[in-house]
Amino acid sequence: MTTDVEVKAAPVFYPLQLSLSGRLCVVVGGGAVGRRKLAGLLRAGARIRLIDAAATSVPPAGDALEFLERPYRDGDLEGAFLAFAATDNPTINAAVAAEARRRGIPVNRVDDGPDSDFILPANLRRGDLLFSVAGGGRSPALIAILRDRLAEHFGPEWGTVLDIAAALRRKRLTPLEQTKYNHEILRQLLAAGLAGRVAAGDEAGVDALLATLPEGGCTLDDLGIQLPKGMP
Ligand SMILES: C[C@@]1(CC(=O)O)c2cc3[nH]c(cc4nc(cc5[nH]c(cc(n2)[C@H]1CCC(=O)O)[C@@](C)(CC(=O)O)[C@@H]5CCC(=O)O)C(CC(=O)O)=C4CCC(=O)O)c(CCC(=O)O)c3CC(=O)O
Ligand SMILES: NC(=O)C1=CN([C@@H]2O[C@H](COP(=O)(O)OP(=O)(O)OC[C@H]3O[C@@H](n4cnc5c(N)ncnc54)[C@H](O)[C@@H]3O)[C@@H](O)[C@H]2O)C=CC1
């Protein structure tokens with residue numbers, strides 16, 4: 001027997017990347033899901049107030065993390081830039097969302113995408129490169145699986161590929177007035193197998209590709225980039 005659950009229509013969410021550095025984010029509920037949100041917030045350099053009477057395996061409180069070991073109370077969102085309603089109790093999550101709205105603070109409800117002001121994607125990071133997968137809250141399991149598939153195709157070398165692309169961009173190999181600045185150059189490098197050579201730690205191979213660039217090309221050394229050691 002299967003049961004269909006009623007599904008509310010979700011808004012069209014607008015994707016953006018927020019700077020949370022030093023900003024206060026309040027997470028209510030420090031269970032498995034709350035701790036996942038917490039980990040992402042810590043990584044982004046946010047200040048966090050976590051509220052939960054019973055959470056275990058919470059990272060040690062410090063400058064970035066204040067842990068209030070008690071149930072949520074109205075007023076806990078004071079001063080917050082973002083709020084996360086992450087308890088296993090829909091009534092509490094609704095109360096957190098209500099306080100957030102009263103105060104004009106965007107809120108994420110882990111139990112209710114359509115009642116959230118923002119939701120979180122599944123992320124894959126390769127250095128400063130970020131792949132985010134989202135499905136409007138319709139199947140979180142699917143987007144996590146797709147993120148894992150991306151991980152198979154885009155290994156750690158892609159972080160270095162971004163470093164190389166960024167260094168080439170700083171060198172302004174093509175005139176600024178060309179609207180597709182460096183676009184063609186990168187296409188050519190990728191088509192010629194740049195990522196594979198980076199993955200193999202093949203410095204000479206990457207230099208051979210960089211030598212083909214306009215104005216005599218350049219080397220990894222010129223770009224100030226060292227390749228991570230290749231796989232054996
Ligand atoms: C709306 C949203 C709000 C939000 O949390 O932001 C939301 C809501 C809900 N998730 C539920 C279930 C699950 N969520 C996951 C996993 C993740 N969920 C994440 C995001 C989101 N989840 C937002 C939508 C994003 C989008 O779709 O675009 C990820 C991507 C990011 C993150 O959490 O940081 C993270 C992967 C992290 C990673 O692997 O890196 C798994 C799988 C697992 O845990 O392995 C399951 C079980 C399988 C399943 O149900 O599919 C339930 C039902 C709860 C219940 O039935 O009790 C709700 C409530 C509802 O349906 O509204
Ligand atoms: N968005 C997502 O990615 C997912 C969301 N969910 C939803 O998230 C909810 C939470 O899931 P888990 O973290 O796995 O549950 P959990 O049971 O591990 O954690 C819930 C936490 O909420 C705390 N809590 C309960 N009442 C509270 C209160 N009044 N004040 C402060 N804290 C309170 C509990 O002490 C507990 O630590 C689930 O019930 C489900 O609806 C579930 C899976 C994934």
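Read the numbers this way: they start at 1 and go in the same order the structure lists the ligands and their atoms. We're numbering straight along the sequence, starting at 1.
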(message) Show, in sequence, the C-alpha distance, side-chain angles and deciding distance for Leu124 and Ser132, and conclude whether the side chain to side chain contact (heavy atoms under 4.5 Å, CB included) test is met.
(response) CA-CA 6 Å; Leu124 173 68; Ser132 288; over 6 Å; no
(request) Assess the side chains of Asp222 and Thr219: does a donor N or O sit below 3.5 Å from an acceptor N or O? (result) yes
(request) Take atom 14 (N) of ligand 1 and look for protein heavy atoms under 4.0 Å from it; say yes if you find one, no if not. (result) yes
(message) Any nitrogen or oxygen of Tyr72 lying under 3.5 Å from a nitrogen or oxygen in ligand 2? Just yes or no.
(response) yes
(message) Any salt bridge linking Asp207 with Arg197? Criterion: basic side-chain nitrogen under 4.0 Å from a carboxylate oxygen.
(response) no
(message) Do the side chains of Arg70 and Asp76 get close enough for a salt bridge, i.e. N-O under 4.0 angstrom?
(response) yes
(message) Looking only at protein heavy atoms, which one is nearest to atom 42 (C) of ligand 1, and what is the separation?
(response) Ala141 CA, 4.4 Å
(request) Show which atoms of ligand 1 fall inside a sub-4.0 Å distance from at least one heavy-atom site of Ala122. (result) 30 (C)
(message) Taking the six-membered ring for Trp, are Phe13 and Phe118 closer than 6.0 Å centroid to centroid?
(response) no
(message) Please classify the Pro121 to ligand 1 contact at 4.0 Å (heavy-atom distances, strictly less than): side chain, backbone, both or neither.
(response) backbone
(request) May I ask you to test the Val26-Phe84 pair for a side-chain heavy-atom distance under 4.5 Å? (result) no
(message) Minimum distance, heavy atoms only, to atom 17 (O) of ligand 2: which one of Asp111, Leu50, Asp88 is it?
(response) Asp88
(request) Would you check the N or O atoms of Leu120, main chain and side chain alike, for any that come under 3.5 Å of an N or O of ligand 1? (result) yes
(message) As an exercise, state the distance from CG of Asn123 to CZ of Arg43, rounded to the nearest 0.5 Å.
(response) 9.0 Å
(message) Under 4.0 Å from a heavy atom of Ala54: which atoms of ligand 2 are those, numbered in the order shown and with their elements?
(response) 35 (O)
(request) Say whether Ala32, considering both its backbone and side-chain N or O atoms, lies within less than 3.5 Å of an N or O atom on ligand 2. (result) yes
(message) Only heavy atoms of Gly135, strictly under 4.0 Å: list the atoms of ligand 1 that pass.
(response) 26 (C), 27 (O), 28 (O)
(request) Among all protein heavy atoms, pick out the one at the shortest distance from atom 40 (O) of ligand 1; state its residue, atom name and that distance to 0.1 Å. (result) Arg147 NH1, 2.8 Å
(request) Give the residue, atom name and distance (to 0.1 Å) of the protein heavy atom nearest atom 11 (C) of ligand 1. (result) Pro140 CG, 3.9 Å
(request) Could you say whether the N/O atoms of Asn89 and ligand 2 ever approach to under 3.5 Å? (result) no
(message) Return the closest protein heavy atom for atom 34 (O) of ligand 1 as residue, atom name and distance.
(response) Lys37 NZ, 3.4 Å
(message) Counting only heavy atoms, tell me which of Thr56, Val27, Ile51, Val58 gets closest to atom 31 (C) of ligand 2.
(response) Ile51
(request) Considering only NZ, NE, NH1 and NH2 on the basic side and carboxylate oxygens on the acidic side, decide whether Arg102 and Asp74 come within less than 4.0 Å. (result) yes
(message) Using a plain distance cutoff, I'd like to know if Gly30 has any nitrogen or oxygen under 3.5 Å from a nitrogen or oxygen of ligand 2.
(response) no
(message) Considering non-hydrogen atoms of the protein only, which is the closest contact for atom 37 (C) of ligand 1, and what is the distance?
(response) Arg36 NE, 3.8 Å
(message) Please work out, at 4.0 Å between heavy atoms, whether the side chain, the backbone, both, or neither of Asn108 comes within that distance of ligand 1.
(response) side chain
(request) Report the part of Arg36 in contact with ligand 2, treating N, CA, C, O as backbone and CB onward as side chain, heavy atoms under 4.0 Å; options are side chain, backbone, both, neither. (result) side chain
(message) Check this for me - ligand 1, Gly113, N or O atoms closer than 3.5 angstrom, yes or no?
(response) yes
(request) Provide, to 0.1 Å, the distance between atom 58 (C) of ligand 1 and the closest protein heavy atom, together with that atom's residue and name. (result) Val110 O, 3.5 Å
(request) Note the single closest protein heavy atom to atom 26 (C) of ligand 1, along with its residue, its atom name and the distance in Å. (result) Gly137 N, 3.1 Å
(message) Less than 4.0 angstrom from a charged side-chain N to a carboxylate O is my criterion; do Arg47 and Asp63 meet it?
(response) no
(request) Would you mind listing which atoms of ligand 1 come within a distance below 4.0 Å of any non-hydrogen atom of Ala134? (result) 28 (O)
(request) For atom 9 (C) of ligand 2, state which one of Thr87, Val33, Asp112 supplies the nearest heavy atom. (result) Thr87
(message) Under 4.0 Å from atom 40 (C) of ligand 2, is there at least one protein heavy atom?
(response) no
(message) Students should be able to answer this: which protein heavy-atom is nearest to atom 60 (C) of ligand 1, and at what distance?
(response) Asp111 O, 4.0 Å
(message) I need the contact type for Ile143 against ligand 1. Using non-hydrogen atoms and a strict under-4.0 Å cut-off, is it side chain, backbone, both or neither?
(response) side chain
